There are 2 protein chains.
Amino acid sequence: MVNESVWLRPARRERRPLTLDRIVAEAVALLDEEGEARLTMRRLAERLGTGSTTLYWHVKTKDDVLDLALDAVFGEVPLPAAGAWRERAAALVTGWRAALLRHPWSTGLLDRPLMGPNALERTEFLYATLAGAGFGGADLPAAAFSLSTFVTGSATMQARDPAGDGAAVAGRLLAHREAYPVLAAHGLDPDWDAVFARGLAYLLDGMAARTQP
Amino acid sequence: MVNESVWLRPARRERRPLTLDRIVAEAVALLDEEGEARLTMRRLAERLGTGSTTLYWHVKTKDDVLDLALDAVFGEVPLPAAGAWRERAAALVTGWRAALLRHPWSTGLLDRPLMGPNALERTEFLYATLAGAGFGGADLPAAAFSLSTFVTGSATMQARDPAGDGAAVAGRLLAHREAYPVLAAHGLDPDWDAVFARGLAYLLDGMAARTQP
DNA sequence: CCGGTCCTAGTACAGCGTATTATCGGTCGG
DNA sequence: CCGACCGATAATACGCTGTACTAGGACCGG
């Protein structure tokens, strides 16, 4: 069915064309607002003012949308401009973590290949920074992947946290206090920023010591 | 509809009762064989020889099945008996990684709260080991979470790898060699065991240096 | 005016998770 | 021995999903 009237039909140029970029941007917005479970091709299309199956002209499957949305998150990670290798690496992974936490749904998509241009660009930056710092041979992939697994793991860990409301979790721990004494004494919701900063320091210290003793 | 004939109907005691444990074990088997996308309540029930909705007497939702399956994987991680703190921690995370990689679908479930008894037991063990080694104050959660995020991140990274067949990935990298020069020179499928071992060494070195200088 | 090409909409289908309801088989009180 | 109960199972049904297929609208070069 076509729009009934000339007057109601949006004027030619007012109707923004449907593009892949608009689809991805709207998917990110929808995921931010409602989470992964509520991302539906129909709902996404509705927000874009189109029919649901129209999306399939721009995109092959729903998985494509998710891959593109995830890479869009990586696109938010700034590439630090200058500084010593350690500061540059720390700045990169800190911004990386922040981007993932700004879109908590993204941590649920971190399985699946990270082959988008934005992801590759950040990985390349990390490799290049470390290579320039003297990491070579087996140390280069080890250092690069240590940092990236650390950041994705940290973000996933933290994003997972609020799911069960803290009180219920604490209660469960206290109820089994004899089985988990140390855990019960410390709780499972630390100061995540501090944990990340200190853990990153451990890792960078270890990397520096092994290669520049 | 009831089984038609006495002869075809399984004898009383031959028919194993449907229990939560059987459901979870079968879910793990199904996930191992066919992956997460093919895990369906109907298919799971079929393998168990029951109707699909019968499962809902033992389980509240499908998510419960996934949570339980994931915790079953954690249950495969051995708790090392003796040794210095560093060896115990290394043994724990190495076994942890192995269990996750034995069931690659598990890395796709690592968002979602890890509150099962097996997960908690491993976390408690890690906390206790590190606390006994002298990690205190802010160093205790930092050290414990660094290790666990490192292991989950590493397993996820590696499990993600084979998705796009290596050749296509390498081709894509080479096609954009000028954009990703360092990456193209090294490829994206390193020796994962070596990467993990070295990265773990970085981390443990850094932890040891900060707390036992 | 006409073809073709890019894009959009509609219809339809198989499969999903699960709420609801009916029914079974075994155990136990009388 | 029997009826009543109850833990466990099955069947049916509903709304929603991803997406294949098809038909059409809008623009464009000739």
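This is a predicted model, so every value here is computed, not measured. Throughout, protein chains are lettered first and strands after them, A, B, ... in sequence-line order, and every chain is numbered starting at 1.
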[X] has an atom [atom1]; how far is it from atom [atom2] of [N], in whole Å?
X	N	atom1	atom2	answer
A:Trp57	D:dG25	CH2	P	19 Å
B:Glu36	C:dG17	CD	P	11 Å
A:Leu20	C:dC7	CG	C1'	14 Å
A:Leu48	C:dT8	CG	C1'	13 Å
B:Leu44	C:dG17	CG	C1'	13 Å

### Query
Does B:His58 place a side-chain N or O at less than 4.0 Å from the phosphate oxygens OP1/OP2 of D:dG7?
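No.
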
### Query
So, is B:Thr54 close to the D:dA10 phosphate, meaning a side-chain N or O under 4.0 Å from OP1 or OP2?
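True: B:Thr54 side-chain N/O within range (under 4.0 Å) of D:dA10 OP1/OP2.
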
### Query
Sequence neighbours excluded, which residues qualify as side-chain hydrogen bond (donor to acceptor under 3.5 Å, both in side chains) partners of B:His58?
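B:His58 satisfies side-chain hydrogen bond (donor to acceptor under 3.5 Å, both in side chains) with no other residue.
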
Would you list the pairs meeting salt bridge (charged side-chain N to carboxylate O under 4.0 Å, His left out) in which at least one residue belongs to [range], sequence neighbours left out?
range	result
residues 139-157 of chain A	A:Asp139-B:Arg198
residues 39-48 of chain A	A:Glu26-A:Arg47, A:Glu33-A:Arg47
residues 69-81 of chain A	A:Glu76-A:Arg102

What N/O pairs connect the protein and nucleotides 16-20 of chain D at under 3.5 Å? Give each pair on its own line.
residue	atom	partner	partner atom	Å
D:dT17	OP1	A:Thr40	OG1	2.9
D:dG18	OP1	A:Lys62	NZ	2.7
D:dG18	OP2	A:Met41	N	3.1
D:dG18	N7	A:Arg42	NH2	2.6
D:dG18	O6	A:Arg42	NH2	2.7
D:dT19	OP2	A:Tyr56	OH	2.8
D:dT19	OP2	A:Lys62	N	2.7

### Partner set under salt bridge (Lys or Arg N to Asp or Glu O under 4.0 Å) for B:Asp32, not counting sequence neighbours
none

### Task
Please confirm whether A:Phe150 and A:Phe196 have ring centers closer than 6.0 angstrom.
yes

